[in-house]
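Order of the sequence lines sets the chain letters (A, B, ...), proteins ahead of strands, with each chain counted from 1.
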2 protein chains.
Amino acid sequence: MRSLLGDHLLQRLQQQTEGALYHRVFRCLRDTITDGVLAPKTRLPASRDLAKELQVSRNTILNAYEQLGAQGYVQAMTGSGTWVAETLPENYLNVPRNEAAPKNKSSFDLKHLSQRGTAFLQHAASSPYQWGAFVPGIPDVTEFPHAEFSKIQMRLSRQADVSGLIYTSDGGCLELKQALAEYLRVARSVRCDADQILITEGIHQAVDFISRALCDLNDHVWIEDPGYWGARNILRMNGLTIHPMAVDHEGMIPDPDAPIPKLISLTPSHQYPLGSHLSLARRRQILELARIHKSWIIEDDYDSEFRFSGQPFPSLQGLEENTPVIYMGTFSKTIYPSLRIGYMVVPKNLVAALRVISAELYRGGNMLTQRTLAEFIQEGHYAAHIRRMRLLYAKRRAFLIELIERYLGPDFVHEYSHEAGLHLVLKLPDYADDVSITQLALVRGVKVRPLSQYFDQPSQQSTRGLLLGFACVAEKEMLMAFSVLRQCLKEHDIFPQK
Amino acid sequence: MRSLLGDHLLQRLQQQTEGALYHRVFRCLRDTITDGVLAPKTRLPASRDLAKELQVSRNTILNAYEQLGAQGYVQAMTGSGTWVAETLPENYLNVPRNEAAPKNKSSFDLKHLSQRGTAFLQHAASSPYQWGAFVPGIPDVTEFPHAEFSKIQMRLSRQADVSGLIYTSDGGCLELKQALAEYLRVARSVRCDADQILITEGIHQAVDFISRALCDLNDHVWIEDPGYWGARNILRMNGLTIHPMAVDHEGMIPDPDAPIPKLISLTPSHQYPLGSHLSLARRRQILELARIHKSWIIEDDYDSEFRFSGQPFPSLQGLEENTPVIYMGTFSKTIYPSLRIGYMVVPKNLVAALRVISAELYRGGNMLTQRTLAEFIQEGHYAAHIRRMRLLYAKRRAFLIELIERYLGPDFVHEYSHEAGLHLVLKLPDYADDVSITQLALVRGVKVRPLSQYFDQPSQQSTRGLLLGFACVAEKEMLMAFSVLRQCLKEHDIFPQK
């Protein structure tokens, strides 16, 4: 009996007459994927079965699958077969300024969206499937002690009491807030009591929340340029007026002529994406400025757990007493993204009001997951996991740096890079078209992000480069991916400089 | 060695000179609670320990604790001691129009919030601790088969694969969307494919999302009056202009003179809070109106699983082909609120765009919980649980109706009530001050909500009444709580009418 898919492919195959058989099979499968008949993340039939259905040799199918893989349409997963990629090459719409990939964008029925919805969509930049070399900002989720975590969860769910099952309004699970307050005091020099903490789903939710609870339409917000597109997009959707501020090796350079900000959004420990560290002088300057103007500072401390040498830089929040800082952190980088737990530390005089607003907007979070996380931290597993990941990521970063220095030259490592974080910036010469290089690499299965896309305005400094995430890439995979990347650079006339 | 709390109380006690000793101890403890020294949800010391510390008899402490309990400051939990209530009588700020309880509101430092944040806060109406007789809209969370659910979760977490751990962008876990599409087709006559579903955290998030993705500032939205304050508050925060429409026994009455709406927000199956069902004629009328004006309809189908007699009313979404309806549902009422999972079914031409916007705002949900829920549904546990709860809630509702009819009279049951849902409306005469009755009942440990607070505008119909949730209240507790409520009504000159 032939499967539905088999029927469909046979029909298509009969219409293809040119080229080698394996290539015709490849084209049929590719079209079936781009038409959506084979949806992203579906498993392809086993090569043996499909060969039988199409009455071709198994090698023909294997060759077709290989070509699909090489072009980014499918991914082979060890032990679980071949799957349609979630990121189809055609779908790579993370590159708003590029005109080569409008296909997917134009397929959106934009006329039904609101203006703010349309603008938000057009600035959307999340990649569909964020895994593999060199997706930035993703931890190695396979290294997390899932068994340990589930064991705690299982135990707690047996004791589930009413207060952990209903709507909650105290800004998150008390035990988690206590564990976090302790952790943040010690690890990040944050000055806070447990009750200043609000549990969130991560940085995006926190920015969405703060930009509405504390800011009105047309309030001014200063952001770093280059900076994090995700936060920028949310601030814009909520009606704030954005003022990008240049960044140097000391972090954001406040512009004395810019309008008075209601909000200043910073990544002080590890400027995103360049990697510089906000200097003490700038910290004092920005704090003073915020105090004078009654501005709030968002301190997005997204990956500060991962410093591989020297002492961690303490938080801006804790530099002085009662700073006007909303400190934001996330477990997405230390545990895994789909845990969807993060946190804010808010100034004392905001706690009561923000707690009510948060409860009213979000109605509390999943208490069982939060309780589990609290125990996971209290029992020491969290600190142990971070220590282990710090060593692993340090090794991976060193390996990547070595590859860059050996095969391209030391000038290709961005000069603001510190030994920290989950990604680094591969610096490219000014003539490089980092967007096209990104697309070429993607087609060949290597995911990077073009640095130029992180800039909001023309910059005096070099804006060309590639963000390479190294945390979720084992060394062997890194080696292969890097050689693909070198080839892409070469085809764009970028050669080693030594 | 004396505890810190012991010291504090002794100091306070020395300043109290009047009244019986137990009453002095009561006053000290009460003030310690209202001052926030003993925070909500902290456990009081064991009576024996505190007696020793204060050098009084244990009976004195027990009497003081009892009085604290009677006035709503603490709650005794069987087997786990006495706890400071989360809802302090002073804190009951769910009653915006009432002038007797501004204490807590004024303690908010409102000057730091944005205008929209302030307005949102001032309309916030979630109760702090939503459990017990007669909190509306809460299922009996103790009846959920938690063990079954955790077993599935434990099994799945052992097989956790990468795609369930990273950021996701396809609007939720595929398996859950498939299970839901099937369920909604059968149980709610919703016309949809799995890919029209977006997994949310619940109705609030869905409303927050849709009101920004599809509506701009000053777009008009029609809502039911009386209606759900939670949705109304979020729509307002996002800058929409709200037009309340009166409701009768056939549901919303569209006002021909109101401005053309971008959005029409409805609870067609079980009008919230009155309980009427949107008639077929009104359904057709509103659908036509939406089509002519290119409006979107929000169908909030929050508790339609629970109809206790007759056939369930099919959804508005599925009444015709391609309705301009965003159908919203939640597991908060069928499983438990802190699961934080809900769903939207969106029209096909919106799917692609809304999925990107959702991923960009929320970065996917917790995949493990979603996968677990999918299996829980697929294995039939979900349908079985709903069937069981339907019987239980039907019994509890009948019991409450009987109490009302026997002790107050049949006129006290609101005439729009159907045999459905998790709450009913106890109708009061027009002279009744339902807000004061609510507060009096709260002090005595019984939680109800005043109907008048659900109205946005003066109404021709009676606006006085109390919402009584019956789903989470066992019959024995209901009996006691109801007699407390009767006493409160009596003290407000409301007597049985037969």
Worksheet item: Is there a donor-acceptor pair closer than 3.5 Å between any side-chain N or O of A/S338 and the backbone N or O of B/N366?
Response: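 No; judged by distance alone, with no hydrogens or angles, the pair does not exist.
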Worksheet item: Which heavy atom in B/H123 sits nearest to a heavy atom in A/E360, and how many Å separate them?
Response: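 Smallest heavy-atom distance, with atoms named: O-OE2, 4.0 Å.
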Practice prompt. Please report the closest heavy-atom contact between A/A124 and B/V356, naming both atoms and the distance.
Written response: CB-CG1, 3.5 Å
Worksheet item: Looking at CG of B/L354 and CG of A/L113, how far apart are the two atoms once the value is rounded to the nearest 0.5 Å?
Response: 6.5 Å
Fill in: Pairwise distance OH(B/Y129) to OG(A/S163) - rounded to 0.5 angstrom
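One finds 5.0 Å between OH of B/Y129 and OG of A/S163.
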With a 4.5 angstrom heavy-atom cut-off, could you sort out which part of [X] is near chain A: side chain, backbone, both or neither?
{"X": "B/S211", "result": "backbone"}
{"X": "B/Q130", "result": "both"}
{"X": "B/D216", "result": "both"}
{"X": "B/L350", "result": "side chain"}
{"X": "B/N238", "result": "both"}
{"X": "B/D208", "result": "side chain"}
{"X": "B/F120", "result": "side chain"}
{"X": "B/Q153", "result": "side chain"}

For the candidates [options], which exhibits the highest count of non-hydrogen atom pairs separated by less than 4.5 Å from chain A?
{"options": "B/Y167, B/F149, B/W296", "value": "B/Y167"}
{"options": "B/G364, B/A213, B/S150", "value": "B/A213"}
{"options": "B/G365, B/S157, B/G239", "value": "B/G365"}
{"options": "B/L217, B/L368, B/I341, B/V351", "value": "B/L217"}
{"options": "B/K262, B/M237, B/R158", "value": "B/M237"}
{"options": "B/M367, B/H112, B/E201, B/H146", "value": "B/H112"}

Worksheet, complete the sentence: Which of B/V141, B/T142, B/I138, B/L339 passes side-chain contact (heavy atoms from CB on, under 4.5 Å) with A/L165? Answer is B/V141
Closest-packed option against chain B by number of heavy-atom pairs under 4.5 Å, given [options]:
{"options": "A/R340, A/H204, A/R212", "answer": "A/R212"}
{"options": "A/C472, A/P337, A/G164", "answer": "A/P337"}
{"options": "A/T369, A/V162, A/I234", "answer": "A/V162"}

Item to complete: Please report the C-alpha distance between B/D219 and A/R116 in whole Å, then the side-chain angles of each, then the deciding distance to 0.1 Å, and finally whether the salt bridge (charged side-chain N to carboxylate O under 4.0 Å, His left out) criterion is met.
Response: CA-CA 12 Å; B/D219 276 351; A/R116 56 184 167 189; over 6 Å; no
